[in-house]
Amino acid sequence: MTATEAPPEPKPYRNSPGRRVLAFLRNTWRGLTAMRTALILLFLLALAALPGALLPQRTLNAPKTAEYIAAHGWWGTLLDRLQFFDVYSSVWFSAIYLLLMISLIGCLLPRSVEYFKAMRAKPVLTPRNLSRLPHFASTTTDRDADEVLAAVRARLAGWRTAEREEDGGARTVSAERGYLRETGNLVFHFAMLGLIIAFALGKMYTYEGQVIVQADGSEFCNSGIYAYDSFSPGLRVDGTDLAPFCVKVDDFTAEFTDAGQPLQYKSHVRYQQGTDLDTGTWRDYLLEVNSPLRLAGDRVYLLGNGWSPIFTITWPDGATRTQATQWRPTDGTGTLNEGATKFDPPGITDPFERRTKQLAVTGLFAPDGLLHGGVLTGGGPEQKNPMVAIDVMRGDLGLDSGQSQSIFSIDQSMVDDGRLSRVARSNLAPGQTVTLDDGTVVRFDGVQRYVSLQVSHDPTQTYVLGFAVAMLLGLGLSLVIKRRRLWVRVVPGAGAGTGTVVEVGGLARTDQAGYGEEFSRIAEELLTGKKKR
Amino acid sequence: MPVNETLSQYSDWSYTTATAIYLLALVFFLIEQSFGAKGRLAAQRSRERARELVGAGGPGTTESVTPPAENTTARAPRGRAERIGRMGAALTILGALLHLAALLLRGLATHRVPWGNMYEYIMAVTFIAVVTWLVVIRKFPARHLSGFLLLPIVILMFVGGTLLYTVAAPVQPALQSYWLTIHVSAAAVSSGVFLVPGVASILYLMRSAHERNPGRFARFGSRLPAADVLDRIAYRTTVLAFPLFTFGVLCGAVWAEAAWGRFWGWDPKETTAFIAWVVYAAYLHSRATAGWRGTRAAVINVVGFAVTVFNLFFVNLVTTGLHSYAGVG
């Protein structure tokens, strides 16, 4: 076949840069807001979150992360460079959830418009052939059309209905129900958006600080970062504007089962905030696990506890110093603790001389100590027979070196250099002493408790909770409620004795099955005009 | 308060007996599944015939509202396999009662809710799964599949009762809160319910592979219910469990705020719960996406259940996080 006439020349499409950019943007937007994309992004999000559960994370456990990287050579370094140890602040994780948020907004905007239109729209026209619907029932009745319609109206109270008259004289009722499903769905998604935003804002203005306080009436004040042992601020927190409050820790008690399992930790504290700071009023609070002290804007938690052995040193010239420094548990239970209590010799002004005479008492402490051939072991976490196994070190502790050192141990490099050496080793019960070669006496006085407190500040967490509850409610609505349609057509009889034909059709608009039972019940009531119980 | 050793002993006995009974029921169900296909097909055919008859009542003739199915279903004579299946169901109910007794006794023995460590948690999760399944088989013609559900349950209970067994004891201070009741029961209930769609989705994948190509799973696939029945079971149970799971995570966040000083900290357990939540959310979305219904949705559901199991075992036993309450080792 030959073409007799050439097709009309199509109008030349001007592929201008502007149009190309526009088309690109439009296609990107469409692609990004498609459900398929959202699904893939959800998967990527799940996949991207996974390394956080499998690999140690720097924010949770920095030493373990460093250990892991060191143990895995180039592989560890590579993972570190790819931000696998800071998953939740990594570029790729952020990228996925930002894309997901854009996708979510792009999906929600048109749906909201659609939703408001649907809220004002009348239920749709009655299909011509109701028997083709998934749910259908019909009957012929002696009641006249008005009677039937009145009964239908009464039965469909609570449904959104529209009555229409058809050409043939038939009258129809279109009814729809379950609009709350879409309401719930939108509430859920908008609340999720709100939650993410509140969460992100919280990360800006939050801070968290840990501090160890001796449980002997010692005081901690939230006056600045320097007051804390460790402090992790949000991006917009510089530590200059912390809410002022003070806490005094009066005591700490722990209860254990016979097997040494902890039962209860509690600490009596006193606190002051706001105007109490000016008047000097202290208020009491019983601080427990699961029961933080909630102040205006800040919360104080009882996170941990431990022992501080008390040592008194009496120098040959009669000068004495007493110190209680926190030691840390060697395992989770606290049956055995380790640490170093460090002393500067009094009355020596020459720094060089002082650095030959500094003392440190290091070793182990057991609240319920047992000695086996001179080796101290812990029998339990309760204070029954407190005992220390100590090394007394003398020399340069390295405190003046400018490098920070752990409060729980001595600087091993000083020992290796020969600038710090052991001058005594002994096992002591409370009141017992050990005398050094120069006549200095080290006495173990006893032990006291300390608590580890955490102060947390998160201004948006109430909003996060609010959004989360809204999400839950929306989710419940959108999963429980079924969107369904029902139509009734009433055809008046042609003459006396022919009866009125009533047809009922139904369609579930969601993929949730289970409309059948409800439809059967309603249809039967509509057709017979009787209430079914 | 001291632990009541006698009650705890009775609890252990109930648990062991329940496991044994489930194992016996499992055998019964497998017999029904293997030899009861003919009877089931006959029953299904007669049901369909009844439905067609009802459907044939065209418009304008007489009242044609679907009557309750039992009245018209011509009952097929019960075969031996079906009788064995019914015995299996009765045994499962008996097992569930003993299972419940084990839980209650454990709670009475320790004076707290009986889900404070991994052994007890597994006891609670498997109980919920069995109860959910018993409800499912009342509504769907799927009783003969019970063996496939009881298989993971028996394995879980065996592992829980042997490797993870923990002597009844009070819980540590961090767990002494009313949130233990709320948060952990929401988690246990949702995980238990999630087991059912997990199993149903695996069966769905086999059945739909068989429907596409009858050569695949030729003998097994033909004995499974229609793919859409399995799909409905999976969807209905997921829709029930998902809000519960969300509630559990939400309560966990509230509790974490009171106990650990922050409501969300990407602890391994929290992270994995988040992943499971995202996967199940993807499942719900996939059912509303063209081209993702059916097989892909089922795969997602199976992945979701795999993440839940991973969350239970790997996160509790291998990683160290704040949720290390397994009480093992």
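Chain letters run A, B, ... following the sequence lines, proteins first and then strands; every chain starts at 1. Atom set for the values below is all heavy atoms of this structure, side chains included, hydrogens, waters and symmetry mates excluded.
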Original post:
Quick check, are the ring centers of Phe305(B) and Phe194(B) under 6.0 angstrom apart?
Top reply: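 No, they do not, as the ring centres are separated by 6.0 Å or more.
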Report the option among [options] that has the most heavy-atom pairs separated by less than 4.5 Å from atoms of chain A.
{"options": "Val249(B), Leu240(B), Leu250(B)", "value": "Leu250(B)"}
{"options": "Trp266(B), Phe242(B), Trp179(B)", "value": "Trp266(B)"}
{"options": "Phe314(B), Phe247(B), Phe263(B)", "value": "Phe263(B)"}

Can you check whether [X] reaches [Y] side chain to side chain, under 4.5 Å on heavy atoms?
{"X": "Arg262(B)", "Y": "Thr206(A)", "answer": "no"}
{"X": "Leu130(A)", "Y": "Val504(A)", "answer": "no"}
{"X": "Phe43(A)", "Y": "Ile300(B)", "answer": "yes"}

Chain B heavy atoms under 4.5 Å from [X]: which part of the residue, side chain, backbone, both or neither?
{"X": "Ser291(A)", "value": "backbone"}
{"X": "Asn290(A)", "value": "both"}
{"X": "Phe188(A)", "value": "side chain"}
{"X": "Glu255(A)", "value": "neither"}
{"X": "Tyr301(A)", "value": "side chain"}
{"X": "Arg299(A)", "value": "side chain"}
{"X": "Gln461(A)", "value": "both"}
{"X": "Lys64(A)", "value": "side chain"}

Which residue out of [options] racks up the most heavy-atom pairs below 4.5 Å with chain B?
{"options": "Leu475(A), Val289(A), Leu472(A), Leu39(A)", "value": "Leu39(A)"}
{"options": "Phe199(A), Phe519(A), Tyr88(A)", "value": "Tyr88(A)"}
{"options": "Gly202(A), Ala34(A), Ala254(A), Pro262(A)", "value": "Pro262(A)"}
{"options": "Thr257(A), Val464(A), Thr141(A)", "value": "Val464(A)"}

Subject >> Flag, side chain of Thr289(B) to backbone of Met35(A), donor-acceptor distance under 3.5 Å >> reply: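 Checked: no pair found.
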Original post:
Can we say Glu288(A) and Lys266(A) salt-bridge, meaning some charged N sits less than 4.0 Å from an Asp/Glu carboxylate O?
Top reply: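 Lys266(A) and Glu288(A): not salt-bridged.
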Original post:
Below 4.0 angstrom, N of the basic side chain to O of the carboxylate: do Arg112(B) and Glu120(B) qualify?
Top reply: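 Salt bridge between Arg112(B) and Glu120(B), a charged N being under 4.0 Å from a carboxylate O: yes.
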Closest approach of [X] and [Y], non-hydrogen atoms and distance?
{"X": "Gly265(B)", "Y": "Leu60(A)", "answer": "O-CD2, 3.3 Å"}
{"X": "Arg287(B)", "Y": "Arg293(B)", "answer": "O-NE, 3.0 Å"}
{"X": "Trp260(B)", "Y": "Glu270(B)", "answer": "CZ3-OE2, 4.0 Å"}

Original post:
What part of Asn311(B) is in contact with chain A, defined as an atom under 4.5 angstrom from a non-hydrogen atom: side chain, backbone, both or neither?
Top reply: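 When you check distances to chain A, no heavy atom of Asn311(B) falls under 4.5 Å.
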